[in-house]
2 protein chains.
Amino acid sequence: MDELIEYIEKSLPLSEEMKRDLVKISKVKHLEKGEIVLSEKSHRKIQVFVVSGCLRSFYKSEKGKEHTLQFAIKNWWISDYITLFSNANSIMCIESLSYSKVILFEEKELDKIYKQYPTLAMVQRVGLQNRIAALQKRILGLLTLSAKEKYQRFLDEYEFFEKVIPNYQIASFLGITPESLSRVRKEIALS
Amino acid sequence: MDELIEYIEKSLPLSEEMKRDLVKISKVKHLEKGEIVLSEKSHRKIQVFVVSGCLRSFYKSEKGKEHTLQFAIKNWWISDYITLFSNANSIMCIESLSYSKVILFEEKELDKIYKQYPTLAMVQRVGLQNRIAALQKRILGLLTLSAKEKYQRFLDEYEFFEKVIPNYQIASFLGITPESLSRVRKEIALS
DNA sequence: CTAATTTCTTATCATAGATCAATTTTAATC
DNA sequence: GATTAAAATTGATCTATGATAAGAAATTAG
């Protein structure tokens with residue numbers, strides 16, 4: 001939990017009271033590789049802060065195909081934003097890709113805190129804005145890039161993600177098949 | 001300007017002081033069809049609130065291809081979120097698709113207001129969250145749907161957009177060519 | 001260390017959607 | 001309303017990527 005506080009304090013010094021309230025609603029959890037934090041069934045509205053390790057959120061289509069929405073490492077938030085912020089119930093999963101430590105929050109509780117401490121809400125606001133910019137960039141990428149270009153951009157942007165993400169998940173993040181990704185990788189290796 | 005205040009007041013009653021401050025930093029503008037609000041060159045950070053009419057934001061690739069990021073009508077905000085919220089300077093354009101009335105804000109000024117009036121910031125926060133959910137949904141659609149399915153979903157979601165958006169712009173929003181869209185439309189018409 | 005899974009690669013073939021080019025339809029302008 | 005320009009359609013290819021299948025490599029479990 002100290003890690004989250006430390007992280008927030010990069011943007012905003014927290015009073016003892018704020019810290020106490022944050023801790024009160026948080027739940028630290030250790031995850032094995034492959035462990036599911038949030039499954040498609042449960043419509044719990046939770047936000048996940050990653051202390052260490054790596055997680056991903058994905059959607060499984062009727063045909064059983066997985067589509068990765070997000071990867072997250074240390075100091076990132078990951079959640080099912082569709083369930084969280086709209087009333088539609090998306091059928092999303094969040095799973096851990098390695099041994100990870102996370103902090104869980106019920107959206108409702110977190111929201112109360114933001115209402116109570118506007119300065120904290122300000123920090124979150126900046127986070128939301130950054131996320132919007134990132135999502136827009138991703139959409140632009142999906143609209144404009146070829147499989148190869150998407151993968152190369154991925155390598156650039158996710159270089160600090162260590163090698164814990166299997167390629168088939170990267171493919172599902174880029175919107176291509178594992179086979180295509182494999183070809184692209186070969187092509188890059190040969191050049 | 002009254003329209004924005006009226007719109008905000010659906011979520012939050014505004015004090016006279018708040019209204020005054022909002023008006024102070026706003027600039028109402030009337031746009032002809034085809035008029036550009038924000039061009040790729042100018043790196044002004046502005047937010048646009050649509051009072052009436054219809055606008056779109058798009059990116060023009062090196063090869064001159066246009067890719068539409070967003071359409072917006074009455075009561076929507078539209079901006080170049082990439083320039084706005086990240087330091088990358090995206091080369092984005094916002095143009096009016098019909099006669100429109102909009103209200104412009106300098107991001108900086110708006111930000112000051114949010115800092116000054118936390119309750120207003122709360123309203124914006126909800127707006128940001130909704131946008132994130134919408135963007136995630138769009139990404140999911142781009143990852144999972146065929147051209148036909150994307151178009152059908154578009155028709156559902158944008159039915160209230162009157163018929164002011166030319167098909168080639170819809171195509172550029174869906175990530176397909178105008179020719180493909182035309183074929184999809186024909187197929188739908190025949191079934 | 002070996003066996004069993006899971007992931008990755010490679011090859012072949014199929015196809016949705018792109019590209020190019022020409023025509024028709026619709027809308028804008030004088 | 002006639003002329004011009006913009007947008008939409010259609011047809012004929014072409015191509016990037018998907019689908020299927022099978023073997024190789026890597027990881028996990030016993």
Side-chain angles (χ1 to χ4, degrees), chain A residues 31-36 54 56 58 60-68 71 95-99 141-155 161-191, chain B residues 31-36 54 56 58 60-68 71 95-99 141-155 161-191:
Chain A
L31 303 166
E32 294 302 319
K33 176 171 179 177
E35 200 173 340
I36 302 289
C54 182
R56 72 158 177 151
F58 65 96
K60 208 180 213 158
S61 75
E62 314 79 51
K63 293 150 208 153
K65 251 197 199 163
E66 291 179 0
H67 302 273
T68 300
F71 295 111
E95 95 179 318
S96 183
L97 302 187
S98 63
Y99 172 81
L142 289 173
L143 291 179
T144 60
L145 304 179
S146 69
K148 186 176 177 183
E149 292 167 328
K150 282 190 280 189
Y151 180 60
Q152 286 175 320
R153 176 184 288 190
F154 177 85
L155 289 181
F161 262 65
E162 306 273 324
K163 217 311 193 178
V164 287
I165 308 178
N167 286 327
Y168 78 92
Q169 289 179 11
I170 295 176
S172 85
F173 177 79
L174 301 178
I176 62 180
T177 58
E179 292 89 345
S180 288
L181 178 57
S182 182
R183 279 188 287 250
V184 161
R185 283 163 49 77
K186 187 181 182 186
E187 197 188 331
I188 290 175
L190 293 179
S191 66
Chain B
L31 303 166
E32 295 301 319
K33 176 170 179 178
E35 200 172 338
I36 303 288
C54 181
R56 72 158 177 153
F58 64 97
K60 208 180 212 158
S61 75
E62 314 78 51
K63 293 150 207 154
K65 250 195 198 168
E66 292 179 0
H67 301 273
T68 300
F71 295 110
E95 93 179 321
S96 182
L97 302 186
S98 63
Y99 172 81
L142 289 172
L143 291 178
T144 60
L145 304 179
S146 68
K148 185 177 177 182
E149 291 166 328
K150 284 190 277 189
Y151 180 60
Q152 287 176 318
R153 177 185 285 192
F154 176 85
L155 289 181
F161 262 64
E162 306 272 323
K163 214 317 192 172
V164 288
I165 308 177
N167 287 328
Y168 79 92
Q169 290 180 10
I170 294 176
S172 84
F173 178 79
L174 300 178
I176 61 180
T177 59
E179 293 90 338
S180 288
L181 177 56
S182 180
R183 280 181 200 110
V184 162
R185 283 162 50 77
K186 187 180 182 185
E187 197 188 330
I188 292 175
L190 293 179
S191 63

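Sequence lines set the chain letters: A, B, ... in the order given, protein chains first and strands last, and positions in each chain run from 1. Bear in mind that the values here come from a model prediction, so they are computed numbers and not experimental data. Both backbone and side-chain heavy atoms feed into the values below; hydrogens, waters and symmetry mates do not.
The nearest whole Å value for the distance from the CD1 atom in Ile176(B) to the P atom in dT15(D) is 21 Å. Atom CD of Glu179(A) is separated from atom C1' of dT7(C) by 11 Å (rounded to the nearest Å). Between the OH atom of Tyr168(B) and the P atom of dA6(D) there is a distance of 10 Å, rounded to whole Å. For the pair Arg185(A) CZ and dT17(D) C1', the interatomic distance rounds to 17 Å; values are reported in whole Å. Rounded to whole Å, atom P of dT9(D) lies 11 Å from atom CZ of Arg183(B). Taking atom CD of residue Glu187(B) and atom P of nucleotide dG17(C), one finds them 9 Å apart after rounding to whole Å. In this structure, Asn167(A) atom CG and dA25(D) atom P are separated by 16 Å, rounded to whole Å. Whole-Å rounding puts the Lys33(B) NZ to dA27(C) P distance at 9 Å.
With no hydrogens or angles considered, no side-chain donor-acceptor pair links Ser61(B) and Thr144(A) at under 3.5 Å. Between Gln169(A) and Ser172(A), the side chains place no donor N or O within less than 3.5 Å of an acceptor N or O (distance only, hydrogens not considered).
Contact check, Ser182(B) against dT9(D): a side-chain N or O comes under 4.0 Å of OP1 or OP2. The side chain of Thr177(B) places no N or O atom within less than 4.0 Å of a non-bridging phosphate oxygen (OP1 or OP2) of dG17(C). Dashed line: the shortest gap from a side-chain N or O of Ser180(B) to OP1 or OP2 of dA18(C) is under 4.0 Å. Considering only side-chain N and O atoms, Lys65(A) lies under 4.0 angstrom from the phosphate OP1 or OP2 of dA19(D).
Ile188(A) is listed as a side-chain neighbour of Tyr151(A), based on a closest heavy-atom distance under 4.5 Å.
Taking the six-membered ring for Trp and thresholds of 30 and 60 degrees, Phe71(A) and Phe173(A) have ring planes inclined between 30 and 60 degrees apart.
Nearer the 5' end of DNA chain C, as judged by each residue's closest nucleotide, is the contact made by Leu181(A), out of Leu181(A) and Lys150(B).
At the heavy-atom level, Gly34(B) lies nowhere under 4.0 Å from the strands shown.
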Intermediate values then yes/no, salt bridge (charged side-chain N to carboxylate O under 4.0 Å, His left out), Glu66(B) and Arg56(B): CA-CA 11 Å; Glu66(B) 292 179 0; Arg56(B) 72 158 177 153; 2.6 Å; yes
